[in-house]
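Read the numbers this way: they start at 1 and go in the same order the structure lists the ligands and their atoms.
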Amino acid sequence: MSDIERDPEPPTFADLDIDDRVLKALSDVGYESPSPIQAATIPPLLAGNDVVGLAQTGTGKTAAFAVPILSKIDLTQKSPQALVLAPTRELALQVAEAFGKYSAHIPGLHVLPIYGGQSYGVQLSGLRRGAHVVVGTPGRVIDHLEKGTLDLSKLSYLVLDEADEMLKMGFQEDVERILADTPEYKQVALFSATMPGAIRKISKQYMHDPVEITMKSKTSTASNISQRYVQVAHQRKLDALTRVLEVEDFEAMIIFVRTKQATEDLAEKLRSRGFSASAINGDIVQAQRERTIGQLKSGALDILVATDVAARGLDVDRISHVVNYDIPHDTESYVHRIGRTGRAGRAGEALLFVAPRERHLLKAIEKATRQPLAEMQLPSVDDVNAQRVSKFGDSITESLTSDNLALFRKMIEDYEQEHDVPLADIAAALAVQSRDGEAFLMAPEPPPAPRREREPRERPARRFDDGPPTRSRGPEGQELATYRIAVGKRHRVVPGAIVGAIANEGGLRRSDFGHISIRPDHSLVELPADLSSETLEALRRTRISGVLIQLQPDSGPPSGRPRGGRDDRAGGKFQRDRDSRKRPRE
Ligand code: AMP
């Protein structure tokens, strides 16, 4: 049987008419082939169309818009040609960094992030120097437009990244203003994980006949493949994989990673831990690839570390396990990957490593394949050690049938008589020798670091009107304190506007917010208790609806003034603010 099935060939980056310098940068960062959103989005963007892409973080959407923009940028024009709007400063920085990576071979190209919380000075000098690409949060972009320090009159490309998040954070009015106040004939790309009415409206009103991209995924997975996932932080993945390799009973395994470099690195790390592993990726010449696959088939090799492209169509019956070490960009890749096991009617096992921030990709896979993945607990140190002891026993049993046994038995008996040492001690000494100084058992894990203070497990139901504020914990366990801001119902603020402005200027995430309570002339907001003095200073100077919010720790109600009012939990309540016309001023 051939080891390659005839799958339709997906495009390569070279097929997509990308500027050569950008192509070289993509090869440098180790991307082997376009992710589906990239393959679908790059051609229409290069051709000058507006695009609406339904895509989440982790699908490769940043390169999907950065690559065509960089391919078309005109270095001789000094005022900004491309503007990317992003909901948070983290995302703005991440996107700016990605533009930097993909333009590494375009000398003279300037990318400038502008976001709330950073001093205007740095941004002003960056803008004066000239930036071809500006990546910013909407509030700060508007501020620069109002100050006359950002000239968008020659803008050719506008990207709305995570558009649904921007609206949830109260930036609808800002985004629409930027869309309306920039040249009519700019190209607009809008990326969003969901398509609520407000986004559809934006696309109708401000975009010209956009190409809509929704990935049609191959979603059926074979029922003879059992699918599990493990939650593991990025930095612990290698340890997690070694435990799985030690404890899982596998015949042959394919481990999927995202880049060519990662195939080499991981295969090398596994070899240094004593596993028989080889890498295959698109750079490996055909003869070598065939040799490696031949070894996998014959059993001379058990572990293949591969990229999606290199493993496409691979058909080796021995593959009992597929490990998604790096989560795939899209459901279709997932289906292709796990289809490398369960061949020839055998049972197969598929395991997916999911980092905390990748849970939405797991959900997308489950939704598209209409099959929940079972959570697997990582093998414990005891599990690993029990397995080592059992394998040690097996190796003794196996060696008892060796032809060399008689020779060694004679030498050991001589040694025993000469030195008067029990046979068990001699056998143990030989085992030590065979380990070459390495520890046999895995060391127990250190106990978890003690918490600094005891907190009740459950957050007590808390009201603002029963005395001075108590400290509570946010969704990620961080300690929260109550802060007072000088805007309230009278200023017609809504929770989304408060979160948008404070998150932007203070560099906070949505998960940093606790309760928000809007009172007639002020509001109370729960935020991390350990805000730095710079953040506090930035937030004191932040404006919402044009009013300085003068954020300060709340010291409880003045005597005689009862507390009461509406409590809004920040996460989850914004949906209803989506259509709010109030703009979160910074
Ligand atoms: P994004 O969805 O843009 O945040 O990208 C998610 C991750 O995928 C980032 O770490 C990118 O560097 C990586 N990535 C993007 N495109 C590709 C590609 N074509 N091949 C491999 N990795 C990619």
Side-chain angles (χ1 to χ4, degrees), residues 10-16 18 22-43 45 51 53-71 84 86-88 90-104 111 135 159-165 189-193 213 215 233-235 237 255-266 279 281-283 305-312 324-334 336-337 353-365:
T12 65
F13 280 118
D15 296 333
L16 296 182
I18 297 165
V22 181
L23 213 50
K24 181 159 175 7
L26 291 172
S27 151
D28 287 354
V29 291
Y31 297 175
E32 198 171 40
S33 62
S35 71
I37 187 81
Q38 291 162 2
T41 310
I42 292 174
L45 282 177
V51 164
L54 270 173
Q56 295 187 315
T57 301
T59 51
K61 68 179 162 55
T62 316
F65 59 79
V67 164
I69 288 177
L70 288 170
S71 294
V84 181
T88 62
E90 283 75 31
L91 185 63
L93 282 168
Q94 230 174 316
V95 170
E97 220 170 84
F99 266 96
K101 254 188 335 197
Y102 306 141
S103 64
V111 182
V135 187
V159 180
L160 309 180
D161 196 6
E162 299 196 358
D164 49 354
E165 278 300 308
L190 182 156
F191 289 87
S192 190
I213 290 164
M215 310 310 305
H234 280 292
Q235 64 274 20
K237 283 206 280 194
I255 302 170
F256 282 97
V257 293
R258 272 194 185 153
T259 64
K260 296 178 220 175
Q261 190 57 44
T263 60
E264 306 280 357
D265 291 348
L266 186 58
N281 59 54
D283 279 355
V305 187
T307 52
D308 289 286
V309 171
R312 191 167 287 126
N324 292 277
Y325 188 81
D326 291 335
I327 197 163
H329 284 123
D330 61 289
T331 315
E332 189 160 1
S333 303
Y334 176 77
H336 269 290
R337 284 178 175 191
F353 282 9
V354 184
R357 298 191 58 177
E358 294 167 344
R359 284 195 65 86
H360 64 275
L361 290 171
L362 166 67
K363 292 275 165 277
I365 287 171

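In the displayed structure, Glu90 atom CD is contacted under 6.0 Å by more than 12 heavy atoms of other residues, nucleotides or ligands.
The residue Ala64 has no part lying near ligand 1, judged by heavy-atom distances below 4.0 Å. At a heavy-atom distance under 4.0 Å, no atom of Gln94 approaches ligand 1.
Rounding to the nearest 0.5 Å places NE2 of His329 at 11.0 Å from CD1 of Ile37.
Every atom of ligand 1 with a heavy atom of Ser35 under 4.0 Å away is listed here by number and element: 19 (N). The contact set between ligand 1 and Lys61, taken as ligand atoms under 4.0 Å from a residue heavy atom, comprises 1 (P), 2 (O), 3 (O).
When the options Arg258, Glu32, His329, Lys101 are ranked by their closest heavy atom to atom 23 (C) of ligand 1, first place goes to His329. Between the choices Ser33, Pro34, Gly60, the shortest heavy-atom distance to atom 5 (O) of ligand 1 belongs to Gly60.
Among the atoms of Phe13, none of the N or O lies under 3.5 angstrom from an N or O of ligand 1. Distances between N or O atoms of Gln38 and those of ligand 1 include at least one value under 3.5 Å. Residue Thr62 has at least one N or O atom closer than 3.5 Å to an N or O atom of ligand 1. Checked by distance only, ligand 1 and Thr259 stay at 3.5 Å or farther apart across all their nitrogen or oxygen atoms.
Heavy atoms only, all atoms of each residue included: Ala311 and Phe256 are closest at CB-CE2, 3.5 Å. Of all heavy-atom pairs between Ala98 and Thr62, the closest is CB-CG2, 3.7 Å. Ala40 and Ile213 make their closest contact through O-CD1, 3.2 Å (heavy atoms, listed as atom of the first residue, atom of the second, distance). The heavy-atom pair separating Ala262 from Val305 by the smallest distance is O-CG1, 4.5 Å.
Remark: side-chain polar atoms of Gln38 are paired, donor with acceptor, to backbone N or O of Gly60 under 3.5 angstrom. Within the 3.5 Å criterion, the main-chain N or O of Tyr325 finds no donor-acceptor partner in the side chain of Arg258.
In this structure, the protein non-hydrogen atom closest to atom 12 (O) of ligand 1 is Tyr31 OH, 2.4 Å. What sits closest to atom 6 (C) of ligand 1 on the protein, heavy atoms only, is Gly58 CA, 3.7 Å.
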